[in-house]
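What you see is a predicted model, and the numbers here were worked out from it, not measured in a lab. The chains referred to below are lettered A, B, ... by the order of the sequence lines, with proteins before strands, and numbering in each begins at 1. Heavy atoms only: backbone and side chains are in, while hydrogens, waters and symmetry mates are out.
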There are 4 protein chains.
Amino acid sequence: MTVSLAGRGITPQQPVRGRPRSEAVERAIIEGTMKLLEDGVPLAEISVERIARTAGVGKATIYRRWSGKEELFVDVLRSAEPDDVELPGTSMRDDLIALLESLRRRGLANRSSAILHNVHAQMKSSPKIWAAYHNSVIAPRRSLGLEVLRRGQENGELRADLDLELVNDIVVGPMLVRAVLRPGGELGEGLAERIVDTLLAGLRPVN
Amino acid sequence: MTVSLAGRGITPQQPVRGRPRSEAVERAIIEGTMKLLEDGVPLAEISVERIARTAGVGKATIYRRWSGKEELFVDVLRSAEPDDVELPGTSMRDDLIALLESLRRRGLANRSSAILHNVHAQMKSSPKIWAAYHNSVIAPRRSLGLEVLRRGQENGELRADLDLELVNDIVVGPMLVRAVLRPGGELGEGLAERIVDTLLAGLRPVN
Amino acid sequence: MTVSLAGRGITPQQPVRGRPRSEAVERAIIEGTMKLLEDGVPLAEISVERIARTAGVGKATIYRRWSGKEELFVDVLRSAEPDDVELPGTSMRDDLIALLESLRRRGLANRSSAILHNVHAQMKSSPKIWAAYHNSVIAPRRSLGLEVLRRGQENGELRADLDLELVNDIVVGPMLVRAVLRPGGELGEGLAERIVDTLLAGLRPVN
Amino acid sequence: MTVSLAGRGITPQQPVRGRPRSEAVERAIIEGTMKLLEDGVPLAEISVERIARTAGVGKATIYRRWSGKEELFVDVLRSAEPDDVELPGTSMRDDLIALLESLRRRGLANRSSAILHNVHAQMKSSPKIWAAYHNSVIAPRRSLGLEVLRRGQENGELRADLDLELVNDIVVGPMLVRAVLRPGGELGEGLAERIVDTLLAGLRPVN
DNA sequence: GTATAAACGAGACGGTACGTCCAGTCTTGAT
DNA sequence: ATCAAGACTGGACGTACCGTCTCGTTTATAC
């Protein structure tokens, strides 16, 4: 996902006055932060000062764009977000698997870079930032999931009397448990498929 | 849950020399931290310095007991942890509901104090601390859940061919999704029951 | 005293290409600086940035003309310098009084604008600037004083065996002491006359 | 002249609470600043940050004692101030020479360390600081001078009808002119004597 | 009782980062 | 080429905490 200069701020309809902000610098900052994260620098040691040093940029240049570390992290995370999921559309089962699979890969990618995951955690300390992230990343996926389920009900793949919100949480939950509560593993290949099929098969004995 | 002086530290086998540590001071520190959290002070603004001020205690007195803010938080969280769940034992369904219900109440309690939730998040930044918390709080609940499911398989309440780890995640997941991803709500009464019953009833149409 | 554009800089013999520098802008800068000084803004708070803001001018426009704050100050001071002294020429005594009187008025004028006096002090921090100011302001007055004294020796108003440099310092000194060491006062009317007459009368009892 | 910890601040009658301030650190700061000055570091480049680095001290430690660079300079200057003048007491002439001679040596010493002189200038930018310096350094010397002159009038060495304040300025002035207006020189040996004798001999021809 | 010795509150200490401001330079579009 | 505007790197500002280190005082044993 790419974040453009204009994408975040106010659309500058008024004629540009003075030297315009450099997109190159913006990229350098985001990528510098990403690099620190990937190099395994503990989150607590990532200061604005250090980001500036890493990116070869003045501190003021960072503060001119973001009001602090946290806001910057939102954009860093956004830029690391995988592209939109492509749903096969063949069945609810396949769509759900595709959805979970993309979640799984994100979890893995983040884990491979070890800490993005924590940035996530960190962000929750400030509600405003969290809201921004929630709106731009989490909410879209959620509504996509609901849509898939709704179609499943129409198809007869899903019981009609179910609360879709709840079902969505049931589907997404297991992946989250493993990513959040047991960092470091267990997001093996085929997990998405196993979750969905287990759910669809039901938990009770078939008798 | 109460945390005793001896419970955490090194058992001082050698005869005690000099003035012993004051338990009252220990309580003052933990409760002072709790108070800050409950007063809605943003996590980032809770410094050791401020905790000391709030508790009317010297900084060294804190560092004598904990190696830093994070370690202290573990104990604060532990002390806020509800007492052990009591399982009715009447059926797997009832036990699972009891388990989820205790999770739900914890989520709500934390929400009422709004931020404990974030301490949780914060802690993940330091793996050591996280491990400590994981071992003392998360793991026990997890194995309790697995035990309940195992008994369910014996009873015939649960299919015998299921991966219990996965099922446990499926059961716990929805509650976590709501607590973590949608802070501020939707942990209504009866949620535990709805989750368990939805899962047991299965997602497919009954035809 | 007026400072012309050509007076300071390099005479641009080559035909002017592009837009010529605006004299109005130059005046605006100098007068803006003066205004800040007169408004009692502490010298340390007068930044190039602020001068630019006050004068409604870009920073580059200032740097295009002066290499920094200090050089600018020289011109500001020069522009505030009173016009050349007019000596009556009737006697050494009268000429010395005229000289001191002009010094006194300068001191008072500067005091009335409270800070020019300090610019003076500030300038000494950079030898180059000080030299420029010394050459254009202090040295001319000094040689004028020496000339007056020389004529006094010719007239018989002054002992022939005196070191004129020393006498000049003796004449000028008291005024300086009061202006520099006791800012804020004691440059009353008639002071010039009292100094000169006291010196000419001698300090010893007349017996 | 030595500046003690207690000398500047509030007399700490109240029992000392917490770790007391270190006099060694205090000395390190003042001497570090002095060193920078003596090494010819331009005054404008002497930042609190650099002083701290030089003295091997935290910035806060400096700000704990002085409110800023300027206040610190007062103490640095005070500590560089030569010890009190010793007057021979044999005659007004000899006493005045002793007084001027101490002034001259101070001027030279400062020159040798090249910039202390400018610190002086710098200080004038802030009236409060200047007042502090004036009271503790300048005023005492001034009243000492007046006292000497008063005794001179009693002895008959000085005309009884003279304004002593003015005479004092006349005596001190020439030395100041040379130190302030012509930095870099002309404070040769024997200058004090020449000034006093020239003044006492009178400027008019003896006829 | 009276040492002894650790704990205690307070706060100084060397550091590091904060977020802001200014120095000088550079880059726009417009004059 | 100049202008106003304003971005750029760099670095100092004065503040707040970090984790450690004295201080003087308090409080338990152990002698």
Within this structure, what is the [atom1]-to-[atom2] distance between [X] and [N], rounded to whole angstrom?
X: B/I46; N: F/dA16; atom1: CD1; atom2: P; result: 18 Å
X: D/R21; N: E/dG14; atom1: CZ; atom2: P; result: 12 Å
X: D/I62; N: E/dA12; atom1: CD1; atom2: C1'; result: 14 Å
X: B/R53; N: F/dA16; atom1: CZ; atom2: C1'; result: 9 Å
X: C/W66; N: E/dT25; atom1: CH2; atom2: C1'; result: 18 Å
X: A/L72; N: E/dG19; atom1: CG; atom2: P; result: 12 Å
X: B/E23; N: F/dT27; atom1: CD; atom2: P; result: 17 Å

Q.
Main chain of A/I29, side chain of A/T33: is a donor-acceptor contact present, judged purely on distance under 3.5 Å?
A. yes

Q: Kindly say whether C/R50 contributes a backbone atom to a donor-acceptor pair with the side chain of C/T54 at under 3.5 angstrom?
A: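 Pair found, side chain donor or acceptor close to backbone of C/R50.
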
Proximity to the side chain of [X] - top-ranked nucleotide from [options]:
X: D/T61; options: E/dC13, E/dA7, E/dG9; answer: E/dC13
X: A/S47; options: F/dC3, E/dC18, F/dA12; answer: E/dC18
X: A/R17; options: F/dA5, F/dT9, F/dA12; answer: F/dA5
X: C/R64; options: E/dG9, F/dC13, F/dT2; answer: F/dT2

Q.
What's B/A60 touching, base or sugar-phosphate or nothing? Going by heavy atoms closer than 4.0 Å.
A. base

Q) Which part of the nucleic acid does D/G56 contact within heavy-atom distance under 4.0 Å: base, sugar-phosphate only, or nothing? A)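 Since only primed, P, OP1 and OP2 atoms lie under 4.0 Å of D/G56, the category is sugar-phosphate.
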
Q.
Check the phosphate of F/dT2 against C/R65, side-chain N and O only, distance under 4.0 Å to OP1 or OP2. Yes or no?
A. no

Q. Counting just side-chain N and O atoms, does C/R19 come under 4.0 Å of either OP1 or OP2 of E/dT31?
A. no

Q) Pick the nucleotide of DNA chain F nearest each of D/G68 and A/A55; which residue has the one closer to the 5' end? A)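 Nearest nucleotide further toward 5': that of A/A55.
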
Q) D/P20 or D/Y63: which one's nearest nucleotide on DNA chain F is closer to the 5' end? A) D/Y63

(Q) Is the shortest side-chain heavy-atom distance between B/V76 and B/E31 below 4.5 Å? (A)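 No, their side chains stay 4.5 Å or more apart.
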
Q. Which comes earlier along DNA chain E counting from the 5' end, the contact point of D/V25 or that of C/E49, where each point is its nearest nucleotide?
A.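 That would be D/V25.
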
Q: Starting from the 5' end of DNA chain E, give me the residue, A/V48 or C/E45, whose nearest nucleotide shows up first.
A: A/V48

Q. Is A/R21 paired with A/E26 through a side-chain N to carboxylate O contact shorter than 4.0 Å?
A. no

Q. Is there a donor N/O on one and an acceptor N/O on the other, under 3.5 Å, for the side chain of A/K59 and the base of E/dG19?
A. yes

**Q.** Which atom of C/Y133 lies closest to which atom of C/L77, heavy atoms considered
**A.**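 Nearest pair, atom of C/Y133 first, then C/L77: CE1-CD2, 3.4 Å.
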
